[in-house]
Amino acid sequence: MRKLLVPSLAVAIAAAFVGTRAWADSTDSARVGDIQYGNALDPTGWAPLLWADPRGFSWLHAGMMRTPSGVLYPYPPRREDAGSPLYKNSDWVYSGFLQLGYLHVGGDTQAEFLRQYAGWRDGLAPGLFALYADDPKTGQYLEFRGSRLSGDDQYYRLRSGQYGVYKVEAFYRDIPHHVTTSAYPLWNGVGSTDLTLPAPLMPGGSTPPEVAAVEKTRPRQTVGATRRREGLGLEAKLYRDWSGYISIVNEKRTGNGLWGGPMYLNYILEDNGGALETVRPIDFTTTDVSMGLRDAGTVWQFQLNYTGSFFRDHEDQLNFQSPFALRNVAGVPQVANIHQGQFSLEPDNDSHNLRAELSRSLKWNGQLSLATAWGTMRQNDPLLPPVTCTGTGGVFISPSADYTFNCANWNTGAALSRQTAGARIDTGLLDAKLTLRPTSRLGWHAGVRWYREDNKTNYLAFNPLTGQYGYIAENGSQGSIIPGQIGIFDPRNPLFASYVTQVRAIPFGYSDTVFDTGVDWRLGENNTLNLTYSFDRNQPKYRERKRVNEQRIKLAWVDRAIGKGTLRVDYEFAYRNGGPYNYNPYELFYSTALPGFVTPPLGNVAFTTDAMRKYDLANRVEHKFHATLIYPIGATATISAIVYATRDDYAAAIGRQATRNRGFDLSWDWQPSPMTSMNANLGRDDSSLDFSNVGDNENVTGGPGRGDPSLGGPLFPLANQWQGIDHERDYNAGLTLRHDFGRVRADFSYTYTYALGRIGYAFASAGALPITQQPFAGDVGNGFPDNHYHINTLQLGFDIAFSRMLGLRVFDVFETGSFADWHYLGLQGNLVIDHRIYTDLGPQPHYSANLIGVLLNVKL
Amino acid sequence: MPPVSAMVSPSDRALRCRHRRAGALLFVFAVAGALPGARHAAAQVVHPAVSATLTQRDSDRILPTLTAQAAAEAGDGSPHAAPLPASALTTEDFRRMLPRTDMRSDADANAHPHPHAFLDNGAATSFDAAPIAKNPLAPDAIAIGATSCIACHALENLQASHSLHVRAFRAGAAGTGAAAACESCHGPGSAHARDPTKPGSIIAFTRDAVTPIDAQTGVCLACHEGGARQDWMGSVHQQHELACTDCHNPMARLSAEGALADHSINEVCSTCHQDIRDKFNRRSHMPLPEGQMSCVDCHNPHGTLTADLIKTDTVNGTCYACHAEKRGPFLFEHAPVRESCLTCHDPHGSNQEALLTLPVPMLCQQCHTMTGHPNDLLTTAGLATGPAPDERLIGRACLTCHANIHGSNNPSGSRFHK
């Protein structure tokens, strides 16, 4: 990579100084990431500089003009009319701003929703440091912006260059993401790859009360990660309309995250199995490289872009200990002592993408665009051995029913059919688009797009040491509880010759072809209709359908005749169908496809019901409606309104069946003068989702009819069908007010968010429930307790000007919230439930926090 | 730049009259300025009726006076105004300046679209080669130069001086003495100067403009075509007749960057996409309200190869840009994960954790009906407070065991719990 980068950078730098004449063409809006620099204190990254100039925008008229759609432009901010010379007789002029002061956070300072993406802390904080300097004669400029809330929430960005000739950008930033602030991990070694039990707990030798007692002593921790990103980029004109760019961004992500730890099902096996909520380390490095050439001519336009991304995970595994002993359900002496678990963490990976795009202007105000791209994603990390156990795993009932395995045959790399993953997916893209506008009243466009993901991964789960196929499930715990459910297929051993297990990686991939065409028809001066039709053929590999077609018709209407407002209305209808639905397309990758597999006399248990339709492939009818109105009120106010609704119906007896969504937003903006502005908004959103499932009849899985996948059959009786319904409702409201009194400027804002969620259910009989819950079927009602998320945020601030150069900002933000989620219900003080160990208490049910800031404003 | 036609309040008669008088003067000035400075080339751009009304002596007499007046009214210390004391200007100065001031509207420039004037001292940028926009509603108008515009639009000039767009033009002009940046976007100003309130006399970019949206966009694309805007034609924003100035305001510095029409990218987008803005208020969301990222981190509003303005070839490609650990490929893939992150996540915001579209386990149970434990109806009885606690409901639910749900690289990880 280095060999490629150095000469490219040199060429680009050299080009910058010989390049001369094409227009400025920032790559920003085409680049993914690092477009925005701000923080919770100042999301715009510019707020202290946004107070309006009392003079307004024009001597010729009062007020501000409106955008073509009818929205009022904000008044321009107050600025010094001319910058200060950088030094005596310098052609360079500069202006700058420094905001520096003290922040204090009070109340529930560790509230999760307060800190989710904000690194608040007490102390000195440079709220904003902004500097701009340029030489008006040469067009050379330098721009710097930075802010720091804490060590894990800060940004600094420097740009320099010459207008229209070249631009150099460098940045450094830290972005926090706090996943939970109420974590009580049981284990030692959080943040590392090895989680060990604290004394006096013994792996595989402790009881739930003993674990609970230790758990209560564990300290509260925050789980989350910080992204530290640094980047360098150069963009330069090369020759005439040609420009080039190159950028390198490096990200170091460190921290930890909530994770899992299975030791087989506990819900059905009291005092057995285990479900452990662990904490994994996050220690990632990602280096992204982007470089390209562009020709932005008036007739021909061309882009050639390469992006490379190189991800490195410095921790490839997570090992954890379980304190609980396992018992086999056969009731025979336990020969296995499985008390350790392991996860492979994400492998290193490399990605390359090369894209070329060529456009040519045509007669009739037309354009023809052709694009092609090729990409690849690859990783070849060393594979971990299938298990970490030592000794013997499994269950020994008798010499003729020996369901054990020797860990030594599986806890080594020699147990693998290959030592590295060798995973690779190649992608390809072809895109062609033709647009013509022969008259001012009529336009037409058509396009074809083809995209493919070709998964070349080929892994066979075969153990050369034992000659067996498959894998050891859950590090051996499952097979040490349930005799025979080790996870392996062995055609030479009758005990394992009928075992159904996955033996190959499934190389999921797809190709997608989309054709679309549409007309734009202008009806008079103020109305435009747009009609678009598209046909999308998706051809997934190794999925339930080999072909999925979706046709879509969209009608859009833009009207500018309602007062001085603009109305945009869209209606969209889509119909999706496809080829035959195969409820089990994975046979090829299971032991059932291997030679020597012995089908049991009663047949294999049906994989799933044939009535299931996965919602990304199911037949579907969709209606979408969206209307936006922007309506000026006089010269100083604007009302905007949005109304929308979506309706999806899936042809599925089992699976997702329907979704509904509707809502509105109303907003009122008022800016009677540069001194005053106000906004009020209100919104509501309602959505629902219906789905159905069917519990299998566990009495049949060992008897006749177990191979019948039909809904209503013996394995999936209609009596076991159940229905789930999700309802969600969201309210949003806000009010902001700013007024400039002269020496004092005041700002006030209030935001209100309330989200309500409810999962309801209905079932035909208790057979839909798990065996453990069936005795309580009469008491479970028709749904879970309501979830809610309720936040009120109030902010009041004053900017006091002492002089033209010096001022003070004083502000207070008060936030209060409440939260409920049944996932966490009952965990408070009770993080150990039988063989389940939980780490996260979830967000705080109630919190109140207050942030006070006193910041000195200095104009430089 | 906002159009003068929109600036003048129809009800403000006094102002309009004063403006008209100024406009009439400016028109005379404009024509006079154009003729002597570019007589050899301007015949094709100056209306014959106008050119016949002025003599060399007229322009010699009028120009210095008006220029001084304009410069005095501007009084802004702007980069190009300061080094050009009006009292020192002569017709010869304008002869030298105006062709370039007119941003190469002369025949010679038209014949040679890549002049090298700015190379003489190596100081100017490409902006001084910007063409003057053609106004379809005033085809006979001629350029009059920025100094003329500023004579009336003095405050606009001041505010625009802080915008990156205009500063770039100014720098371009600094090397050549040109002063007609306004007309690069607004088209030649003579018709507007003659009748400032006449709609369409100048290219305007606001709600009251009669300039068609396509024409407005065409002006911007004349310089900004290609690159990030190469797929503008046929994009959803183009089809909905958005103009560049719906999102951008190059006449004032309202935002930290991007010459936006509001104070940040997110505020601009939420002008129309309020429903999406509301989603960012939900329990789990991308860090837009916290200012850490913007809509444009994932979407290119100027058009892309995808219908939803996603920047990369696929949705997943965009997600991998920040979540590279999810890219794999993994030894064992989860099919819907590989095809689209949107199968399970709403990237704008969700009432569930981790942007999920439904609570787990219900999210999983939409697809997983396999025999065994996936297809049971889980009820309140299985909560931690219930009589039969069930790990499929509590905490991370399914993900407590199937933690590697995005794919596993473990030889024993086909069910993502290894």
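Just so we're on the same page: letters track the sequence lines, and every chain starts at 1. In this text, all values refer to a predicted model and were calculated from it rather than measured experimentally.
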Stepwise side chain to side chain contact (heavy atoms under 4.5 Å, CB included) check, A/Leu769 with B/Thr379: CA-CA 8 Å; A/Leu769 279 61; B/Thr379 67; 4.0 Å; yes
Under the side chain to side chain donor-acceptor pair (under 3.5 Å) rule, what do B/Glu333 and A/Asn455 come out as? Steps first, then yes or no, please. CA-CA 10 Å; B/Glu333 295 275 354; A/Asn455 191 333; 4.7 Å; no
Report the C-alpha separation of B/Thr369 and A/Asn693 in whole Å, then their side-chain angles, then the decisive distance to 0.1 Å, and conclude whether the side chain to side chain donor-acceptor pair (under 3.5 Å) test is met. CA-CA 6 Å; B/Thr369 55; A/Asn693 208 322; 4.9 Å; no
Between B/Glu353 and A/His823, does the side chain to side chain donor-acceptor pair (under 3.5 Å) criterion hold? Intermediate values first, please. CA-CA 10 Å; B/Glu353 70 165 338; A/His823 288 95; over 6 Å; no
Check the pair B/Asp376 / A/Tyr267 against side chain to side chain contact (heavy atoms under 4.5 Å, CB included), numbers first and verdict last. CA-CA 12 Å; B/Asp376 291 332; A/Tyr267 81 90; 3.7 Å; yes
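Heavy atoms closer than 4.5 Å to chain B are found nowhere in A/Asp840, neither backbone nor side chain. In this structure, chain B has a heavy atom under 4.5 Å from the side chain of A/Ala556, while its backbone stays farther away. Of the atoms belonging to A/Asp295, not a single heavy atom falls under 4.5 Å from chain B. If you measure heavy-atom distances from A/Thr701 to chain B, you find no contacts under 4.5 Å at all. Both the backbone and the side chain of A/Leu384 come within contact range of chain B, with heavy atoms under 4.5 Å apart. Contacts of A/Lys433 with chain B are made by side-chain atoms alone, with heavy-atom separations under 4.5 Å and no backbone atom involved. For chain B, the nearby parts of A/Glu277 are the backbone and the side chain; heavy atoms of each come within less than 4.5 Å. Using a 4.5 Å cut-off between heavy atoms, A/Tyr459 touches chain B through its side chain atoms alone. Only the backbone of A/Ala606 comes within contact range of chain B, judged by heavy atoms closer than 4.5 Å. Both the backbone and the side chain of A/Trp259 come within contact range of chain B, each with at least one heavy atom under 4.5 Å from a heavy atom of that chain. If you measure heavy-atom distances from A/Met377 to chain B, the contacts under 4.5 Å come from both the backbone and the side chain.
Residue A/Trp46 comes nearest to B/Leu254 through the heavy atom pair CD1-O, 4.0 Å, listed as atom of the first residue, atom of the second, then distance. Taking both residues in full, the closest heavy atoms of A/Asn530 and B/Gln239 are given as OD1-OE1, 3.4 Å, listed atom of the first, atom of the second, then distance. Closest approach of A/Val558 and B/His240 over heavy atoms only: CG2-O, 3.8 Å. Residues A/Ala373 and B/Asp313 share a closest heavy-atom pair of CB-OD2, 3.7 Å. Across all non-hydrogen atoms, the minimal contact from A/Pro43 to B/Pro289 is CG-O, 3.4 Å. Scanning both residues, A/Arg543 and B/Ala335, for their nearest heavy atoms gives CD-CB, 3.5 Å.
With hydrogens and angles disregarded, a donor-acceptor distance shorter than 3.5 Å links the side chain of B/Ser412 to the backbone of A/Pro386. Looking only at distances, a side-chain donor or acceptor of B/Thr380 sits under 3.5 Å from a matching main-chain atom of A/Val780. In this structure a side-chain-to-backbone donor-acceptor pair under 3.5 Å is missing from A/Arg145 to B/Ala256. Remark: side-chain polar atoms of B/Asn404 are paired, donor with acceptor, to backbone N or O of A/Ser344 under 3.5 angstrom. The main-chain N or O of A/Asn266 is found under 3.5 Å from a side-chain atom of B/Glu391 such that the two form a donor-acceptor pair. The closest donor-acceptor contact from the side chain of B/Asp297 to the backbone of A/Ile35 lies under 3.5 Å. Side-chain atoms of B/Arg282 do not come within 3.5 Å of backbone N or O of A/Ala755 as any donor-acceptor pair.
B/Arg327 forms no cation-pi arrangement with A/Phe311, by the criterion of a distance under 6.0 Å to the ring centre and an angle within 45° of the ring axis.
B/Lys418 is listed as a side-chain neighbour of A/Gln342, based on a closest heavy-atom distance under 4.5 Å. A/Arg55 has its side chain within reach of B/Leu155: a pair of non-hydrogen atoms, C-beta onward, lies under 4.5 Å apart. B/Thr343 has its side chain within reach of A/Tyr615: a pair of non-hydrogen atoms, C-beta onward, lies under 4.5 Å apart. Counting only heavy atoms from C-beta outward, the side chains of B/Pro389 and A/Arg836 approach each other to under 4.5 Å. With contacts defined as side-chain heavy-atom distances shorter than 4.5 Å, the pair B/Pro359/A/Phe784 does not qualify.
Looking at B/Asp208 and A/Arg66, no side-chain N of the basic residue comes within less than 4.0 Å of a carboxylate O on the acidic one, giving no salt bridge.
Using modelled atom types and a 3.5 Å distance limit, the side chains of B/Asn409 and A/Gln379 yield a donor-acceptor pair.
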